[in-house]
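Following: one structure in structure tokens, then a few remarks.
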Amino acid sequence: AVESTFLQQRRKWYLTDHNFLSAVQGSLRIKERALQLAEELPPENATSLKLKSYLGDSGMPLVCGLLRSNPQLGLLSLRDAGISDGGAAMLATELESNRRITSLD
């Protein structure tokens with residue numbers, strides 16, 4: 001999320017106080033959301049991941065990382081997670097290389 005928003009700006013963009021403040025606040029929002037999602041994460045050896053709250057596209061890198069790092073994960077439930085077409089495409093790309101998922105909700 002940070003790469004697609006703040007890191008794409010040119011150096012001069014950050015010289016304006018308003019823009020710099022916007023970047024810092026955006027980064028803090030992303031951090032807060034990542035910490036909220038972390039509270040929902042299953043233990044390392046879990047076989048399912050069911051996220052109960054709104055995830056949105058900003059949480060998709062976290063989900064993709066979990067898919068890569070947890071070989072036992074077989075069930076992925078993202079019902080009502082608020083994923084757009086872009087987030088779904090990111091997940092689809094990850095699932096192409098991760099054939100362990102046997103159920104997707």
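In this text, all values refer to a predicted model and were calculated from it rather than measured experimentally.
- In plain terms, the two heavy atoms of F20 and Y14 that are nearest each other are CB-O, 3.5 Å.
- Residues passing the side-chain contact (heavy atoms from CB on, under 4.5 Å) test with S103 are L75, sequence neighbours excluded.
- To the nearest 0.5 Å, atom CD of residue E96 and atom CG of residue L91 are 10.5 Å apart.
- Residue pairs meeting the salt bridge (Lys or Arg N to Asp or Glu O under 4.0 Å) criterion with at least one partner in residues 12-27, sequence neighbours excluded, do not occur; the list is empty.
- Looking at S27, its side chain does come within 3.5 Å of a backbone N or O of A23 through a donor-acceptor pair.
- Two different hydrophobic clusters hold L15 and V24 under the rule that ILVMFWY side chains link at heavy-atom gaps under 4.5 Å.
- A search for side chain to side chain donor-acceptor pair (under 3.5 Å) contacts involving S84 returns D57, not counting sequence neighbours.
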